[in-house]
Trainee: 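Handing you a structure now.
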Amino acid sequence: SMENKIGETPTRRSYIKSYEDQKKEELIALGQSKQSWNSILKYLKVEIQKSTEIVNFNYKIPCFKEDGAYQLNKAVQELTGVAQSVGDEKPSGGKDNVELLDVKLSDGSRVKVPYGQIALSDMGENAIINITYNNNTNDLIITGSCEFRFQSLMDDIIERTSLLLNTDSIYKNQAFQLEESFRPMYLNLSNIDKEFMVLSSKTEYELKPLMARVQHPDMCVKNGIPLKYGCLLEGPYGTGKTLLAFKIAKEAIANNWTFIYLKSPALLARTLKLSKTLDKNGNGVIVFVEDIDQVTKGNRDSAMQDILNTLDGGDTKQMNVIALFTTNHLDQIEPTFLRGKRIGSIVSMGYLDAATAKLFLQETFNEKYNLEEEGLDEICDYIANKNIAPAFMAEITESVKTNMVFEDHNEIKIEYIKSSVDNYIRQVNLSQTKDLSETPQLKLANALTEVLFDSEKAKRFKTEIIDSVVESL
């Protein structure tokens, strides 16, 4: 085993010379002062001892683990001239704590950076730096020891690391997702533009305040419009909220934003706090959270309060952060969450209306098929009255295409579309019918009454149980 070593470099020699020049000037000034010779000797004795004294350091930097380790390594390279180096020999008394952390960059390439315990050669006997990460607080922890005269070098390395995290993060202008492990995973949005979507004119208008910030941040800032913003996409399941968010993500990274997709709304407060390290990388950060009603419905609990405090408080006050949420249940969200300073706009995404249904059909059957024009407006009105979400309309048109395999022509007749719509509606109605005779609850009620009660009491109890179960369903 070997330890990473930071050795003799021009930068290190420069720090030594700077330290020595400073001490020479202090000594000259002292010699020209009215201090007694004994006082000067005492001063020299203390300085000689201090010059080789080993001091401890302890820093913490809020960041993502791989980003922090990568930028620390980069700062060490810039300020000492050495990085990603492994020593040829283990120093006397050294420990087998060598570790190289694998870091994936946005272009798919990987680099290995020093992590764990690293020897600080020529910066003092047994001088070391130890790099760890606190997964609970999301802090990179840098501890160790070095000669007193190199304390300022360590300060500069940490300061440079923080600056690189704020200006040159590996996640700059990227889209990534976070799960419970809090380890970023890059999102592949290369094919998102191929995903078909139709938006009503009302939805497009409601999106303008958000898209103005995403597409024209400089103009917003110039006109005194804050980039910090909250937007809620609401509507039934299947109306395209998530697809729209990922299309916004593609637009965002093209306009110098970082996009973070949270797999769980419970991670929101923690993510917003940590986003401060990415905030100055480009125009800012967009944090996307699905099903925000999961943590913002009912009475305020600690999780909801933490989110509200983070959205309102100093952690995000000066940040360029856009919080983008979705919900299928707008009525379940606690009203205080929807206040103007937290949510700037609520964008409604509903079922297809006649206009969007027509556009959907025309775009879906625009290449290999000829869409029958006669009766098109009527079938679109018919669709509009059936409360069909775009995702389910896609299933309907897929059914039409499948049936066309058996035809010897490519004309999409209106009757084909109506038949597939009617089949879909019938299936929906059937899926909503409850068969009470086979429910596990009723089987339990029958078993309990048979075992525990006499016939008359059993009948009454059974009736009460069944009524209760039916009402709950």
Side-chain angles (χ1 to χ4, degrees), residues 62-68 70-71 102-111 138 164-197 199 207 209-218 220 227-233 240-292 310 316 319-327 347 349:
C63 60
F64 293 105
K65 179 180 179 179
E66 286 78 6
D67 202 8
Y70 179 83
Q71 303 304 346
D102 183 49
V103 178
K104 184 178 180 180
L105 304 180
S106 59
D107 62 0
S109 63
R110 294 180 178 274
V111 296
N138 300 115
L164 288 170
L165 284 165
N166 282 303
T167 59
D168 200 27
S169 167
I170 62 175
Y171 304 118
K172 178 179 182 178
N173 300 344
Q174 299 300 317
F176 62 91
Q177 74 177 38
L178 285 178
E179 298 184 0
E180 295 293 340
S181 65
F182 232 65
R183 303 286 293 274
M185 293 180 288
Y186 293 105
L187 291 172
N188 182 1
L189 300 174
S190 58
N191 294 320
I192 199 68
D193 290 337
K194 298 178 182 178
E195 296 290 334
F196 175 59
M197 163 168 267
L199 298 175
L207 279 170
L210 171 64
M211 298 312 298
R213 290 167 167 84
V214 173
Q215 296 175 329
H216 306 288
D218 292 338
C220 288
L227 296 184
K228 181 181 176 182
Y229 195 67
C231 179
L232 177 63
L233 307 179
K241 299 181 293 296
T242 301
L243 176 59
L244 174 60
F246 285 130
K247 284 182 175 290
I248 291 172
K250 183 75 176 289
E251 191 76 22
I253 60 177
N255 285 279
N256 211 20
W257 289 84
T258 298
F259 186 93
I260 305 175
Y261 168 44
L262 299 187
K263 295 292 284 185
S264 168
L267 301 175
L268 177 58
R270 186 177 169 192
T271 302
L272 287 172
K273 292 172 184 176
L274 194 54
S275 293
K276 187 177 291 186
T277 63
L278 300 173
D279 173 45
K280 304 306 177 188
N281 281 271
N283 289 313
V285 180
I286 298 177
V287 179
F288 169 51
V289 188
E290 290 186 284
D291 302 321
I292 192 62
T310 306
T316 59
M319 286 175 57
N320 292 341
V321 59
I322 294 176
L324 180 61
F325 308 111
T326 72
T327 180
V347 178
M349 301 185 67

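From a predicted model like this one, the values you see are computed outputs, not experimental measurements.
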Trainee: Hey, are the side chains of T258 and I286 touching, using non-hydrogen atoms and a 4.5 Å cut-off?
Mentor: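 Not touching, per the 4.5 Å side-chain cut-off.
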Trainee: Could you tell me whether the side chain of T271 and the main chain of L267 form a donor-acceptor pair under 3.5 Å?
Mentor: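 Yes: the side chain of T271 pairs with the backbone of L267.
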Trainee: Once rounded to the nearest 0.5 Å, what's the spacing between atom NZ of K263 and atom OG of S181?
Mentor: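 Interatomic distance, K263 NZ to S181 OG, rounded to 0.5 Å: 11.5 Å.
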Trainee: Tell me, with the steps shown, if L278 and K172 meet side-chain contact (heavy atoms from CB on, under 4.5 Å).
Mentor: CA-CA 7 Å; L278 300 173; K172 178 179 182 178; over 6 Å; no
Trainee: Checking side-chain contact (heavy atoms from CB on, under 4.5 Å) for the pair Y261/L178: CA distance, chi angles, key distance, verdict?
Mentor: CA-CA 6 Å; Y261 168 44; L178 285 178; over 6 Å; no
Trainee: With distance as the sole test, does Q174 use its side chain to make a donor-acceptor pair with the main-chain N or O of L105 at under 3.5 Å?
Mentor: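 No; zero donor-acceptor contacts below 3.5 Å.
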Trainee: Tell me, do M319 and K228 make a side-chain contact under 4.5 Å, heavy atoms counted?
Mentor: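 Sidechains of K228 and M319: no contact.
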Trainee: Quick check: Y171 with F176 (ring centres under 6.0 Å apart)?
Mentor: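 Here the rings of Y171 and F176 have centres that are less than 6.0 Å from each other.
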Trainee: Return yes if some donor-acceptor pair links the side-chain N/O of W257 with the main-chain N/O of V214 below 3.5 Å, else return no.
Mentor: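 Yes, because the side chain of W257 sits within donor-acceptor range (under 3.5 Å) of the backbone of V214.
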Trainee: Evaluate side-chain contact (heavy atoms from CB on, under 4.5 Å) for V321 paired with L227, printing each intermediate quantity in order.
Mentor: CA-CA 7 Å; V321 59; L227 296 184; over 6 Å; no
Trainee: Any carboxylate oxygen within less than 4.0 angstrom of a Lys/Arg side-chain nitrogen, looking at E66 and R183?
Mentor: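 Yes, charged N to carboxylate O under 4.0 Å.
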Trainee: Using modelled atom types only, decide if a donor and an acceptor are shared between the side chain of K65 and the backbone of F182 within a distance under 3.5 Å.
Mentor: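 Answer holds: no.
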Trainee: Quick one: which of T326, I292, L324, V347 gives a side-chain contact (heavy atoms from CB on, under 4.5 Å) with L232?
Mentor: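 Exactly one option meets the side-chain contact (heavy atoms from CB on, under 4.5 Å) with L232, and it is I292.
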Trainee: Please name the pair of heavy atoms, one in C220 and one in A212, separated by the smallest distance, quoted to 0.1 Å.
Mentor: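 Reported closest heavy-atom pair: SG-O, 3.5 Å.
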Trainee: Let me confirm one number: the NZ-CG distance from K280 to N166, rounded to the nearest 0.5 Å.
Mentor: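 Answer rounded to 0.5 Å: 8.5 Å.
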Trainee: Can you tell me if Y186 and Q177 form a side-chain donor-acceptor pair at under 3.5 Å?
Mentor: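 On atom types as modelled, these side chains do not qualify, holding no pair under 3.5 Å.
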Trainee: Could you check whether any side-chain heavy atom of M185 comes within less than 4.5 Å of a side-chain heavy atom of E179, counting everything from C-beta outward?
Mentor: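 Yes - at least one pair of side-chain heavy atoms lies under 4.5 Å apart.
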Trainee: For the side chain of N281 and the backbone of D168, is there at least one donor-acceptor N/O pair under 3.5 Å apart?
Mentor: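 It does hold such a pair.
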Trainee: Take V289 and V287, measure what side-chain contact (heavy atoms from CB on, under 4.5 Å) needs, and give me the verdict at the end.
Mentor: CA-CA 7 Å; V289 188; V287 179; 4.2 Å; yes
Trainee: To the nearest 0.5 Å, what is the distance between CG on L233 and CG on L207?
Mentor: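 L233 CG to L207 CG: 7.0 Å, rounded to 0.5 Å.
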Trainee: Any side-chain heavy-atom pair from C231 and F325 closer than 4.5 angstrom?
Mentor: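 A side-chain contact under 4.5 Å is absent here.
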Trainee: Any non-hydrogen side-chain atom of E251 less than 4.5 Å from a side-chain atom of N255?
Mentor: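 Yes, at least one pair of side-chain atoms sits under 4.5 Å.
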Trainee: Quick one, V111 and Y70 - any side-chain contact, counting heavy atoms below 4.5 Å?
Mentor: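 SC-SC contact between V111 and Y70 confirmed.
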Trainee: Donor-acceptor pair, distance only, cut-off 3.5 Å: does the side chain of N138 make one with the backbone of C63?
Mentor: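 No; zero donor-acceptor contacts below 3.5 Å.
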Trainee: To the nearest 0.5 Å, what is the distance between CG (L164) and OG1 (T277)?
Mentor: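 With rounding to 0.5 Å, CG (L164) is 12.5 Å from OG1 (T277).
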Trainee: With side chains defined as the heavy atoms from C-beta onward, is the minimum distance between L244 and K241 less than 4.5 Å?
Mentor: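 No; the side chains remain at least 4.5 Å from each other.
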Trainee: Find the distance between CG (L187) and CD1 (I260) and round it off to the nearest 0.5 Å.
Mentor: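 If I round to the nearest 0.5 Å, the distance is 10.5 Å.
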Trainee: Mind checking whether I170 and K104 have side chains closer than 4.5 Å, heavy atoms only?
Mentor: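 The answer is no, as the side chains (C-beta and beyond) never meet within the 4.5 Å cut-off.
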Trainee: Angle between ring planes, F288 versus F259, binned at 30° and 60°: parallel, tilted or perpendicular?
Mentor: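 Tilted: the ring planes of F288 and F259 meet at 30° to 60°.
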Trainee: If I compare all heavy atoms of S190 with all of K250, which pair ends up nearest, and what's the gap?
Mentor: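 Here S190 and K250 meet closest at O-NZ, 4.1 Å.
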Trainee: So, for L165 and P62, which heavy atoms are closest and what is the spacing to 0.1 Å?
Mentor: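 Taking L165 first and P62 second, the nearest heavy atoms are CD1-O, 4.5 Å.
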Trainee: Under a 3.5 Å cutoff, is there a donor and acceptor pairing between the side chains of Q71 and D67?
Mentor: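 D67 and Q71 do have a side-chain donor-acceptor pair below 3.5 Å.
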Trainee: Has D279 got a side-chain atom pairing as donor or acceptor with N320's backbone, closer than 3.5 angstrom?
Mentor: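 Checked: pair present.
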Trainee: If you take all heavy atoms of L189 and A249, which pair is closest and at what distance?
Mentor: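 Scanning both residues, the minimum pair turns out to be CD1-CB, 3.7 Å.
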